[in-house]
Peer 1: 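Sending over a structure as structure tokens; questions will come in a sec.
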Protein chains: 4
Amino acid sequence: MSGINKVILVGHLGKDPEVRHLEGGVTVASFPLATSETYNKDGKRVEQTEWHNIVLWRGLAEVASKYLQKGKLVYIEGKLRTRSFEDKEKVKKYVTEIVAENFTMLGRKSDFEQGPSATPIAAPVNDTKIEDEFTIGPSDENGDLPF
Amino acid sequence: MSGINKVILVGHLGKDPEVRHLEGGVTVASFPLATSETYNKDGKRVEQTEWHNIVLWRGLAEVASKYLQKGKLVYIEGKLRTRSFEDKEKVKKYVTEIVAENFTMLGRKSDFEQGPSATPIAAPVNDTKIEDEFTIGPSDENGDLPF
Amino acid sequence: MSGINKVILVGHLGKDPEVRHLEGGVTVASFPLATSETYNKDGKRVEQTEWHNIVLWRGLAEVASKYLQKGKLVYIEGKLRTRSFEDKEKVKKYVTEIVAENFTMLGRKSDFEQGPSATPIAAPVNDTKIEDEFTIGPSDENGDLPF
Amino acid sequence: MSGINKVILVGHLGKDPEVRHLEGGVTVASFPLATSETYNKDGKRVEQTEWHNIVLWRGLAEVASKYLQKGKLVYIEGKLRTRSFEDKEKVKKYVTEIVAENFTMLGRKSDFEQGPSATPIAAPVNDTKIEDEFTIGPSDENGDLPF
DNA sequence: TTTT
DNA sequence: TTTT
């Protein structure tokens with residue numbers, strides 16, 4: 001009871017979001033996010049990258065699929081969730097994901113433009129902080145998504 | 001580069017911290033932490049508990065082993081780290097942990113007392129917010145800990 | 001553009017929430033919250049308390065007025081906002097507040113019970129994490145509240 | 001006792017850091033930071049900017065004065081502190097500041113370069129997440145700084 | 001006083 | 001698999 005489960009990340013997308021439409025019309029998006037830190041080891045600069053599995057549901061998934069692409073810098077707030085699933089060999093495995101609750105695009109204006117011609121996108125997304133206003137029930141979340 | 005990887009948890013310890021002393025005198029402590037949330041599903045109150053693997057290093061591990069016990073309510077701040085290891089059957093597995101950077105004990109005064117006689121512990125720990133002032137190198141962190 | 005303004009507090013209410021109903025039916029609640037930290041100064045334990053002005057709007061204000069009382073331990077998430085106002089002598093003053101976005105009650109079960117007889121309250125509030133699902137426009141927030 | 005007082009900001013510096021050296025060799029730096037959010041009001045895009053007073057002590061102040069400049073995008077973590085001081089007319093006033101505990105520079109590579117010729121700076125600061133490893137006593141913090 |  |  002009465003717990004807090006909060007994750008705050010700033011990092012770059014490793015891939016474009018992968019969007020899936022579940023039965024019932026529910027949209028799910030997911031992508032890997034890299035957060036790197038650098039430190040000194042014996043006088044040499046070492047970079048260590050951590051990869052996070054980001055999952056977004058419903059309205060947030062729709063917006064993410066529209067505005068987030070591989071390489072973009074993004075602030076993500078969400079919660080940790082560890083799921084079990086069976087792999088192809090029927091072995092039970094666990095994966096820990098960050099279920100996003102909102103996100104904000106960071107970075108330069110050029111980062112909010114798309115394509116080779118750098119044409120500004122139609123919608124104003126410069127401050128895409130989207131609150132996930134949908135109630136996310138476990139029935140949705142526990143679906144056997146083959147991520 | 002330039003990423004943020006931050007986790008904030010408030011929850012109860014599922015077990016007493018398990019302390020290990022690595023070669024080189026490095027101390028590591030770990031314990032499971034539960035964060036629960038309740039929500040309404042079809043008019044019924046449902047509680048969903050998430051379990052987190054908490055890992056603490058060096059000085060922070062020492063303090064944790066001293067003051068944290070099963071059942072205690074604690075605020076933990078740290079970062080996500082996913083590690084791979086081989087299980088007994090030599091199968092490669094992954095586990096995501098929260099490497100604690102500091103913690104604060106929450107809850108009632110009685111929670112800061114130990115044992116059946118409820119004698120106050122010697123040190124004043126009512127506000128144990130400990131900053132991990134040690135530099136945690138990856139050489140330590142990547143050690144093959146058999147958690 | 002593209003900023004993050006987030007505050008996370010765990011502390012005790014200094015007073016019961018003060019509730020006000022603005023013209024238009026909008027509810028606002030406010031209370032002082034204390035966060036204390038202790039540290040060693042010349043071998044002596046010193047406690048330093050910081051007081052925060054918490055403001056809650058609409059639905060969140062209603063729930064707060066119902067479940068939060070002086071002395072309760074609470075987790076609050078919100079954003080910083082500095083407001084100017086004129087005091088009785090028409091001097092312009094500034095005050096910085098935390099506009100709450102959600103809160104969770106922490107602490108013992110007995111903390112969720114009310115009154116001298118400690119009768120449990122009707123609604124299950126053990127895990128009152130309330131998302132402020134209302135759109136808070138500046139027209140509301142900039143109202144000249146005589147806090 | 002046992003509180004949490006945490007602020008997380010991502011925003012742009014409104015001015016270059018102002019550095020001061022106190023008696024005793026303690027360095028303090030301060031600057032205003034803007035966090036903006038945009039929202040829709042009657043179909044029109046409105047931007048609302050919040051200004052924060054950031055204060056950094058000792059080692060963190062030194063690094064900030066070296067690497068942060070007006071306009072830079074930065075992630076800042078710290079705590080709230082409200083101070084009282086007397087203005088020129090001997091009127092007691094209050095100001096709320098964010099005492100930084102660490103920061104990370106965000107944004108493009110060009111943001112980590114200085115001057116009109118865009119020559120890269122000498123030190124590797126791409127991932128300047130600096131932990132304030134100094135113990136910040138209130139004796140320092142309560143100094144009557146004429147910010 | 002920043003940025004888009 | 002990102003970014004610098």
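The sequence lines fix the lettering, A, B, ..., with proteins before strands; numbering per chain opens at 1. What's counted below: heavy atoms across the whole structure, side chains too, no hydrogens, waters or symmetry copies.
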Peer 1: When all nucleic acid strands are considered with a 4.0 Å heavy-atom cut-off, which category describes T49(D): base, sugar-phosphate, or nothing?
Peer 2: base
Peer 1: Starting at CD of Q48(D) and ending at P of dT2(E), how long is that distance when rounded to a whole Å?
Peer 2: 18 Å
Peer 1: Please pick, from dT3(E), dT2(F), dT1(E), the nucleotide with the shortest atom-to-atom distance to any side-chain atom of H12(D).
Peer 2: dT3(E)
Peer 1: Measure the CG-NZ distance between L9(C) and K79(D) for me, rounded to the nearest 0.5 Å.
Peer 2: 13.0 Å
Peer 1: Can you measure Y75(D) atom OH to dT3(E) atom P for me and round it to whole angstrom units?
Peer 2: 22 Å
Peer 1: Considering only dT2(F), dT2(E), dT1(F), which nucleotide approaches the side chain of K15(A) most closely?
Peer 2: dT1(F)
Peer 1: Does any part of the side chain of T35(A), heavy atoms only, come nearer than 4.5 Å to the side chain of W51(A), both counted from C-beta?
Peer 2: no
Peer 1: For the side chain of S36(A), starting at C-beta, report the closest nucleotide among dT1(E), dT3(F), dT1(F).
Peer 2: dT3(F)
Peer 1: I need the CG-P distance between N53(A) and dT2(F), as an integer number of Å.
Peer 2: 16 Å
Peer 1: Nearest whole Å is fine: how far is dT4(E) P from K44(D) NZ?
Peer 2: 23 Å
Peer 1: Could you tell me the separation between the CD1 atom of I98(A) and the C1' atom of dT2(F), rounded to a whole number of Å?
Peer 2: 15 Å
Peer 1: Calculate the interatomic distance between E47(D) atom CD and dT4(E) atom P; express it in whole Å.
Peer 2: 10 Å
Peer 1: Can you check the I54(A) CD1 to dT2(F) C1' distance for me, whole Å?
Peer 2: 12 Å
Peer 1: Going by side-chain hydrogen bond (donor to acceptor under 3.5 Å, both in side chains), name the residues that satisfy it together with T27(A), two or more places apart in sequence or in a different chain.
Peer 2: H21(A), E62(A)
Peer 1: Could you measure the distance from the NZ atom of K15(A) to the CG atom of L33(A)? Nearest 0.5 Å is fine.
Peer 2: 13.5 Å
Peer 1: Output the rounded distance in Å from CZ (F103(A)) to P (dT2(F)).
Peer 2: 20 Å
